[in-house]
Amino acid sequence: MGNKVSSGHSASSRQRTSVQQLRNRPHAQVLIIGGGINGVGTFRDLAMQGVDVALVERGDFCQGASGASSHMIHGGIRYLENGEFRLVQESVVERNRLLRIAPHYVKPLQTTIPIFSTFSGILNAPLRFLTHKQGKHTERGAFLIKLGLSMYDFFSRDGGTVPRHQFRGRKRALAELPRLHPGIKYAATYFDASVHNPERLTLDVLQDGEKAGQAGGNGARASNYLSLVSMQAASAGKASTVQLRDELTGEVFDFNADVVVNTTGAWVDLTNQAMGAASAFMGGTKGSHIVLDHPELLAACQGREIFFEHTDGRIVLIYPMGDRVLVGTTDVDADMAEDAVCTEAEIDYFFDLIGHVFPDVAVDREQIVYTFAGVRPLPKHDATQPGFVSRDYRIERRGPATGEDGAVVLSLVGGKWTTFRALAEHLSDDVLAELGQERKVSTAKLAIGGGAGFPETEDGIQRWIKAHMSADRDADRTAGLLTRYGTRAVDVMAYLDAGTDRTLRSTRELSVRELEFMAQNEQVGHLIDVLIRRTSLAFRGLVTGELLNEVAEVLSGPLGWDAAARTAEINHAQEVLERFHGVQVHSLVA
């Protein structure tokens, strides 16, 4: 689920294979509504158990909160303050696990906390712990942070591959990071992890599920741009029927399922309402981020995430991603009737927090290349402050009335990126119990997509690149494919080499045949999907009018776009970039 902008046209003159598969066999044991990371993770897990499972997503996969995260895979050190020890332990275990099973996208992230006091916050901490209300803000001092990091290390001790935390006094801290605020007293450094390509990791998880379905013969199927319209009461002896609408063509059809799983995140209540049983589980909060092209700030970070408490008590972050710097995040109650966008006030907040730790690094709006925001799928929290709302998850069950037939509906409330695999296993076990089936395999040690056989060292990566270069593919291009696909790049390269190819005129990062590969294998529905979720071009501020026109032209063939549809796609991409990401791109189309 996520922000929507109508393109106002039929994106393809041909029926999509993903939709055909659902229409040709309009029944599954399980139907998952919502294609964020938790829904997709559950799809993968169930497919691997041999369950006949289908998934539909009204937008693109990973378009909502899953694609608007802080790009962190972390144990959630600040959740200790909420007393969420189970969640922290699970998060740390899953962080360590993802470093092993998804090494192509999940990387260790050295993190430094600048600290401005020694004992501050000790008296306030119990109040925050017991009431989850901030009260008068008092910053967290070195004593509290040391205690938290020691507990964090304790949770990390089993199966961990990351070093223990270290404390530095002011002199050593400033020697390591000289642009930090000279008023700091300490700096604490520890390791978490980052995911630079959350959208592509989601696609890998999805394709694992599809492949498991093909191999097992259970027909696991998934489609984006397919929304739930309504749910009809079951007739005697028959499963419940939901009505689905193809958002690209407007076509509507019925689909039956025995169990319906609602993983639509912040939209869970609205989805339940569409299914005829309104709920009030959710109380999502909006989190915004900005991406900066700022070499000076990039150098100041020295490859580390700077993770700290701002003056209002909000935990915020600054960290380098490639040659860009990500700054976030806010945490404010969301109005589901409004678009989730980064506001001017939030940008001012981000500039202020940068000045809090790097006072002599100037930033301005001209250096912003991309903004994004999403609504966290948090439970309803009444008077609890957004920052203290539980990040844990629960599963709500609704069955048919006594004596009636119909589907069981399981609604996921909460959930975070780091724990998606464990959450999916939990949710799948609940589904299996409803179906009367047993788990066949655990996903705990199964490599995800292009993480299988991924080189373990930088030397190994360089050897891999050298081994897969060709006369038409230099080291930079090969490295780019490995970064984008992991070891699945081998399949992409085979496709590229099977025909005449050329690099795009507007970017050296894409070729004609790679775009055709995406169109045929990655359910591209709109031009914007390629720019935001199949590549990181938009995130890095690299979308130009020439790029829009050239990518739209290449996609027109495999996606069946005529001249009018191509123009509409360009206009749609421009609108999405401007409305939701603060990016203005002037097209070359008249």
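- In this structure, a donor-acceptor pair under 3.5 Å is absent between the side chains of Thr503 and Ser511.
- A salt bridge does not link Lys416 with Glu94: none of the charged nitrogens is closer than 4.0 Å to a carboxylate oxygen.
- Looking at Arg376 and Asp331, a side-chain N of the basic residue comes within less than 4.0 Å of a carboxylate O on the acidic one, giving a salt bridge.
- Residues Ile73 and Trp417 have side chains in contact (heavy-atom distance under 4.5 Å, counting atoms from C-beta outward).
- With rounding to the nearest 0.5 Å, the separation of CG in Leu244 from OG in Ser223 is 9.0 Å.
- Residues Arg488 and Gln207 have side chains that bring a donor and an acceptor to within less than 3.5 angstrom of each other.
- Between the side chains of Asn38 and Thr263, not a single donor N or O lies within less than 3.5 Å of an accepting N or O.
- The aromatic rings of Phe539 and Tyr370 are tilted relative to each other, their planes meeting at an angle between 30° and 60°.
- Annotation for Thr487 and Gly451: closest pair OG1-N, 4.4 Å, computed over non-hydrogen atoms.
- Between Pro198 and Cys62, the shortest heavy-atom contact is O-SG, 3.9 Å.
- For Arg508, the CZ atom sits in a loose shell: 12 or fewer heavy atoms of surrounding residues, nucleotides or ligands are nearer than 6.0 Å.
- Between Glu509 and Arg477 there is no salt bridge, since no side-chain N of the basic residue sits under 4.0 Å from a carboxylate O of the acidic one.
- The environment of Gln273 atom CD is sparse: at most 12 non-hydrogen atoms of other residues, nucleotides or ligands sit within 6.0 angstrom.
- Between Arg365 and Asp348, at least one side-chain nitrogen of the basic residue sits less than 4.0 Å from a carboxylate oxygen of the acidic one, meeting the salt-bridge criterion.
- Between Leu577 and Val543, the closest heavy-atom pair is CD1-CG1, 4.0 Å.
- Using cut-offs of 30° and 60° for the angle between ring planes, the His526 and Tyr225 rings count as perpendicular.
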Under the side chain to side chain contact (heavy atoms under 4.5 Å, CB included) rule, what do Leu326 and Ile318 come out as? Steps first, then yes or no, please. CA-CA 6 Å; Leu326 178 67; Ile318 304 169; over 6 Å; no
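- Under the 4.0 Å criterion applied to side-chain N and carboxylate O atoms, Glu569 and Arg566 are not assigned as salt-bridge partners.
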request  = Decide yes or no on side chain to side chain contact (heavy atoms under 4.5 Å, CB included) for Ile101 and Arg421, but give the supporting numbers first.
outcome  = CA-CA 11 Å; Ile101 67 176; Arg421 191 218 60 84; 4.2 Å; yes
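- Rounded to the nearest 0.5 Å, atoms CG (Leu548) and NE2 (His586) are 11.5 Å apart.
- Within the 4.5 Å cutoff, the side chain of Ile315 has no heavy atoms near those of the Phe308 side chain.
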Inset, instruction - Evaluate the criterion side chain to side chain contact (heavy atoms under 4.5 Å, CB included) for residue pair Ile368 and Phe351; output intermediate values, then yes/no. - result: CA-CA 11 Å; Ile368 300 174; Phe351 286 179; 3.9 Å; yes
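- Note that CZ of Arg324 is 13.5 Å distant from NE2 of His196, once rounded to the nearest 0.5 Å.
- Using a 3.5 Å distance cut-off with no hydrogens or angles, the side chains of Thr343 and Glu346 do pair a donor with an acceptor.
- The heavy-atom pair separating Asp208 from Ala447 by the smallest distance is OD2-O, 3.9 Å.
- With respect to the salt-bridge test (charged N to carboxylate O, under 4.0 angstrom), the residues Arg97 and Glu425 do not qualify.
- Side-chain contact between Val327 and Leu317 is absent, with no heavy-atom pair separated by less than 4.5 Å.
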* **side chain to side chain contact (heavy atoms under 4.5 Å, CB included) assessment of Leu504 paired with Val512** => CA-CA 6 Å; Leu504 298 191; Val512 170; 4.1 Å; yes
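- Test Arg533, Arg484, Arg200 against Glu522 for salt bridge (Lys or Arg N to Asp or Glu O under 4.0 Å) and you get one pass: Arg200.
- A 4.5 Å side-chain heavy-atom check between Leu177 and Ile306 finds at least one atom pair inside the cut-off.
- Counting only N and O atoms by type, the side chains of Tyr349 and Glu344 include no donor and acceptor under 3.5 Å apart.
- Considering every non-hydrogen atom in both Thr418 and Ser91, the closest pair reads CG2-O, 3.5 Å.
- By the 4.5 Å heavy-atom criterion applied to side chains, Arg245 and Leu226 are not counted as neighbours.
- Side-chain contact annotation: Ser70 with His289, donor-acceptor N/O pair under 3.5 Å present.
- Using a 4.0 Å cut-off between a side-chain N of Lys or Arg and a carboxylate O of Asp or Glu, Arg58 and Asp246 do not qualify as a salt bridge.
- The closest side-chain heavy-atom distance from Met275 to Leu228 is below 4.5 Å.
- Leu481 CG to Asp476 CG: the interatomic distance, rounded to the nearest 0.5 Å, is 11.0 Å.
- Of the possible polar contacts, none joining the Gln367 side chain to the Asp293 backbone as a donor-acceptor pair under 3.5 Å is found.
- Note that the CD1 atom of Ile37 and the CZ atom of Arg44 stand 9.5 Å from one another [nearest 0.5 Å].
- Residues His104 and Asp204 are in side-chain contact: their nearest non-hydrogen atoms beyond the backbone lie under 4.5 Å apart.
- To the nearest 0.5 Å, atoms CG (Leu427) and OG (Ser411) are separated by 10.0 Å.
- Counting heavy atoms from C-beta outward, Ile448 and Leu201 have side chains that approach closer than 4.5 Å.
- Taking all atoms of both residues into account, the shortest heavy-atom contact from Gly322 to Leu298 is O-CD1, 3.8 Å.
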